[in-house]
Amino acid sequence: MASRIGILTGGGDCPGLNAVIRAVTRRTLDRGAEVVGVREGWRGLVDARLTPLDYRAISGILPRGGTILGTSRTNPYKIDGGVERVLETFRNEGLDALVAIGGEDTLGVAASLYAEHDLPVVGVPKTIDNDLSATDYTFGFDTAVWIATEAIDRLHTTAESHNRVMVVEVMGRHTGWIAVMSGIAGGADMILIPEQPVTVEQACAELRRRHDRGKDFSIVVVSEGYELTYESGERRAVAQDVETDQFGHVRLGGVGHALAQDIEERTGYETRVTVLGHIQRGGSPTPRDRVLATRYGIKAADLVADGSFGRMAALHGDDIVDVALEEATRELKKVPGHWYEVARAFFG
Ligand code: F6P
């Protein structure tokens, strides 16, 4: 049985990371094994920055947002000698196993290190985007949806008072999970997501239809990854003018402003924008995320104890199961059409 286990948190932080760290550590210490925290994701293994985790270190962290270990978007495959340094640190620190908590990027690195170098690693699916395949839900998503829904509720009252269109831009990268769920929960009048090529003209037509019914305010939720799509066939992605990260991701953000301008010009309705941004990632996890993260952490510790490496804890229905890491990172989990149909029933 593994006697010294490392834990790392990589990629964008999200509520529930500390709950996983707590569960993995507690379960492992109770078995008599040691736990070591790796600082700032894969960077901590590249640069050999680790810190011991004991009962005291994990006390009181369950409700805390962020990650006590820090995180980064470091990709060892993009650093000269990075993979060798990861393997060297792993050996030098006397680690027998690693629990990697992350999204498609962090777990993609874990899957490659397992496949190419037999690194004994187990994954835990984290991301507010909920875009990992092979699991029904990632932890962090429920909190992000809760925050976005609360924002939509608040925007409703001010939209109504001023007869305005309120555009709310939410995160989610190239999938529209946060937009669809918070939009349904918050009663959005239009939701635009990357998976559905709804045009700006169609969106404006729905808003006009609503106004014609006597509702002279509207809430439009747009996912940051939605490409402005027009009847002419033109499609325009909106991203920030900065370098891509080590995983090749552009930095999204800004589509809300472009869309609001379009809506105001085409409909003549006064329009305002709210970009929720990192507020969706900050703060305390919801009870649902705390429970899911805890269950994932226990499962990950048990997979390590069983020597079941190259696996990821996953949620199927109500059950925590394990799946191949490779399967979890093979493709993005997009919002299925039937979810969008539920949202569409309330457009206009
Ligand atoms: O993947 C989580 C996420 O919050 C995305 O929704 C968003 O596009 C991205 O991370 C933002 O990244 P950063 O924190 O590097 O700005």
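Start at 1 and go down the list; that is how both ligands and their atoms are numbered.
The side-chain tip of Lys334 does not point at the ring of Trp177 from less than 6.0 angstrom away and within 45° of straight on. Because its NZ or CZ atom is both nearer than 6.0 Å to the ring centre of Phe217 and within 45° of the ring axis, Arg210 counts as a cation-pi partner of that residue.
Counting atoms of ligand 1 from 1 in the listed order, those under 4.0 Å from a heavy atom of Ile128 are 4 (O). For ligand 1, the atoms closer than 4.0 angstrom to any heavy atom of Gly172 are 6 (O). In summary, the atoms of ligand 1 found under 4.0 Å from a heavy atom of His278, numbered by their order in the structure, are 13 (P), 14 (O), 16 (O).
Side-chain contact between Thr9 and Val20 is absent, with no heavy atoms from C-beta onward closer than 4.5 Å.
Heavy-atom proximity to atom 6 (O) of ligand 1, evaluated over Thr127, Thr175, Asp129, is greatest for Asp129.
In terms of N/O distances under 3.5 Å, ligand 1 is not approached by Arg251.
Looking at Glu224 against ligand 1, only its side chain comes within 4.0 Å, counting heavy atoms. In Leu252, neither the side chain nor the backbone holds a heavy atom less than 4.0 Å from any atom of ligand 1. Under 4.0 angstrom from ligand 1, there are no non-hydrogen atoms of His249.
Centroid-to-centroid, the aromatic rings of Phe347 and Tyr340 come within less than 6.0 Å.
Scanning the protein for heavy atoms near atom 12 (O) of ligand 1, the closest one is Arg73 NH2, 2.8 Å. Scanning the protein for heavy atoms near atom 11 (C) of ligand 1, the closest one is Arg281 NH1, 3.6 Å.
Scored by the ring-ring contact (aromatic ring centres under 6.0 Å, His included) test, Tyr269 finds His211 as partners (sequence neighbours excluded). Under the rule for a side chain to side chain donor-acceptor pair (under 3.5 Å), Asp216 has no partner lying at least two apart in sequence or in another chain.
Salt-bridge check for Arg173 with Asp131: failed, with every basic side-chain N at 4.0 Å or more from each acidic carboxylate O.
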